[in-house]
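Take a look at the structure below.
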Amino acid sequence: MFQIFIQQCAQLSSDISSTWQRYGNQYLGGMANTFKLAVLATIIGCIIGFICGILQTIPTSKNDNIIKRFFLCLIRVIIRIYVEVFRGTPMIMQAVFIYYGLPYFTGNQMRFNNVFTAALLIVSINTGAYMAESVRGGFLSIDRGQTEGAKAIGMNHFQTMLYVIIPQSFRVLLPQIGNNLIINIKDTSVMFIITYGELFSVHRAAVGATYLYFPSASIEMVAYLSMTLLASIVLRWIERKMDGNNNYDLVNSDQLVGSAGTYNYPAKGSPYDELNKEAAHIKNMEQLEKTQLKVNNN
């Protein structure tokens, strides 16, 4: 049994080697297309998510204009429908409906001439639906006192979001952004349905020509794992950079140093040593002399 296993491993290595020699450049090209699509779609999806989050958190009251309340309610309904539809359906079906549905309903008058543009649109919209809810939760996690303080100094809602809420919530949302990037690296494999040349489509082409399904799948697995690990390493580095140093040295001349735990007690025997009675007496006498001089001068 063990001997058969060793033989199969040797055969797998040989098949992987031959497949890579024949289709290695195509695999690398598919990896590049996959990574490019995933990164760009994640960035655009985050922008969509932040816009939806800002629109959903615009404050309203009964005293506001009825037109303003109507439009804000309409915007929130549209965003809710968008989020539920794109979170509740598979990306492969979204690709079919967007890429093939557009020419179907327009009699081929409107269609995507660039497959990459279509793939980018599909993955970005899908990512934006997930990010919209994450961003909304990130905004709600910020203490309300931050918003009230911004309003107190005259900031409107957009300025409050841009300068106060988003900078604080971005660090909280960074792990979720990383998760979406990793998910997109894997989920772009469904873009083969619209003939986009990503990594999984190269695997399908290689299998169709060689019938070596498992060796090609092994290359595919290693390629996807390499890209997700690279993304994780970069995101962890960004998180550490945003966190800054663990220790901070405060300037000793700062008035708040004493309350920050870095206050040094005056040297023993110095005029500022309150526990030294003689030094304290000298200090009091100096203060009395200064006071007397001021009185005499006046």
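Nothing here was measured: the structure is a model prediction, and the numbers come from that model.
- Contact detail for S134 and Q176: the closest heavy-atom pair is OG-CG, 3.3 Å.
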Problem - Steps toward side chain to side chain contact (heavy atoms under 4.5 Å, CB included) verdict (W20, L28) - result: CA-CA 10 Å; W20 180 260; L28 293 176; 3.9 Å; yes

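- By the side-chain contact (heavy atoms from CB on, under 4.5 Å) test, V202 pairs with Q26, Y27, sequence neighbours left out.
- Here E220 pairs with nothing under the side-chain hydrogen bond (donor to acceptor under 3.5 Å, both in side chains) rule; sequence neighbours left out.
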Practice task
Show your working on side chain to side chain contact (heavy atoms under 4.5 Å, CB included) between N113 and R111 and close with a plain yes or no.
Solution key: CA-CA 6 Å; N113 295 323; R111 60 186 307 119; 4.1 Å; yes

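- Judged as a salt bridge (charged side-chain N to carboxylate O under 4.0 Å, His left out), and not counting sequence neighbours, K186 has no contacts.
- Looking at residues two or more places apart in sequence or on another chain, you find a side-chain contact (heavy atoms from CB on, under 4.5 Å) between V207 and H203, Y213, S216.
- Atoms CD1 and CG, on I182 and D187 in that order, are 12.0 Å from each other to the nearest 0.5 Å.
- Here I185 contributes atom CD1 and S226 contributes atom OG; the two are 10.5 Å apart, rounded to the nearest 0.5 Å.
- Under the 4.5 Å side-chain contact rule for hydrophobic residues, Y104 and I92 do not share a cluster.
- Side-chain atoms of F214 and D15, non-hydrogen and from C-beta on, never get closer than 4.5 Å to each other.
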Exercise for the section: Could you give me the CA-CA distance, side-chain angles and deciding distance for T188 and M91, then say whether side chain to side chain contact (heavy atoms under 4.5 Å, CB included) is met? Expected result: CA-CA 9 Å; T188 50; M91 189 187 294; 5.9 Å; no

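- Taking OG1 from T127 and CD1 from I177, the interatomic distance works out to 11.0 Å, rounded to the nearest 0.5 Å.
- Within the 4.5 Å cutoff, the side chain of I194 has no heavy atoms near those of the V96 side chain.
- In plain terms, the two heavy atoms of S124 and I48 that are nearest each other are O-CD1, 3.9 Å.
- Heavy atoms from other residues, nucleotides or ligands lying under 6.0 Å from CD1 of I67 number 12 at most.
- Between K151 and E148 no salt bridge is recorded (no basic side-chain N to carboxylate O distance below 4.0 Å).
- Residue F97 is grouped with residue V83 when hydrophobic side chains (ILVMFWY) are merged at heavy-atom distances under 4.5 angstrom, including chains of intermediate members.
- Taking both residues in full, the closest heavy atoms of S169 and F139 are given as OG-CE2, 3.3 Å, listed atom of the first, atom of the second, then distance.
- A donor-acceptor pair is defined here as one N or O able to donate and one able to accept, closer than 3.5 Å; no such pair exists between the side chain of Q146 and the backbone of I142.
- Under the 4.5 Å side-chain criterion, counting only non-hydrogen atoms from C-beta, V135 is not in contact with C52.
- Judged by distance alone, with hydrogens and angles left aside, the side-chain atoms of S14 form no donor-acceptor pair with the main-chain N or O of Q11 at under 3.5 Å.
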Practice task
Starting from the C-alpha separation in whole Å, work towards a yes-or-no answer on side chain to side chain contact (heavy atoms under 4.5 Å, CB included) for N33 and L199.
Solution key: CA-CA 7 Å; N33 290 339; L199 184 57; over 6 Å; no

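- Between Y82 and F86, the distance separating the two ring centers is shorter than 6.0 angstrom.
- Both I125 and I43 are members of a single hydrophobic cluster when ILVMFWY side chains are connected at heavy-atom separations under 4.5 Å.
- Residues passing the side-chain hydrogen bond (donor to acceptor under 3.5 Å, both in side chains) test with Q56: none are found, sequence neighbours excluded.
- Residue-environment remark: CD1 (I6) exceeds the threshold of 12 foreign heavy atoms within 6.0 Å.
- One finds no salt bridge joining E198 and K36 here, because no Lys/Arg side-chain nitrogen approaches an Asp/Glu carboxylate oxygen to under 4.0 Å.
- In this structure, I66 and R69 have side chains that are in contact, with non-hydrogen atoms separated by less than 4.5 Å.
- Taking all atoms of both residues into account, the shortest heavy-atom contact from T106 to M110 is OG1-N, 3.1 Å.
- Listed by chain and residue number, E84 satisfy the salt bridge (charged side-chain N to carboxylate O under 4.0 Å, His left out) test with R87 (two or more places apart in sequence, or in another chain).
- Taking hydrophobic clusters as Ile, Leu, Val, Met, Phe, Trp and Tyr residues chained together by side-chain heavy-atom distances below 4.5 Å, I44 shares a cluster with L55.
- Both M161 and I47 belong to a single network of hydrophobic side chains, linked directly or stepwise wherever heavy atoms of I, L, V, M, F, W or Y lie under 4.5 Å apart.
- Among all heavy-atom pairs drawn from F116 and L40, the shortest one is CZ-CD1, 3.9 Å.
- Between the OH atom of Y99 and the CG atom of L121 there is a distance of 12.5 Å, given to the nearest 0.5 Å.
- Side-chain N or O atoms of S17 include none that pairs as donor or acceptor with a backbone N or O of S13 at under 3.5 Å.
- One side chain, T42 or N184, offers a donor N or O that lies under 3.5 Å from an acceptor on the other.
- Between F50 and L173, the closest side-chain pair of non-hydrogen atoms falls below 4.5 Å.
- Here the CD1-CZ distance, from I81 to R76, works out to 14.5 Å after rounding to the nearest 0.5 Å.
- At most 12 heavy atoms of other shown residues, nucleotides or ligands fall within 6.0 angstrom of atom CZ in R236.
- The structure places CD1 of I98 at 11.5 Å from CE of M93, a figure rounded to the nearest 0.5 Å.
- The minimum heavy-atom distance linking I122 with A95 is given by the pair CD1-CA, 3.5 Å.
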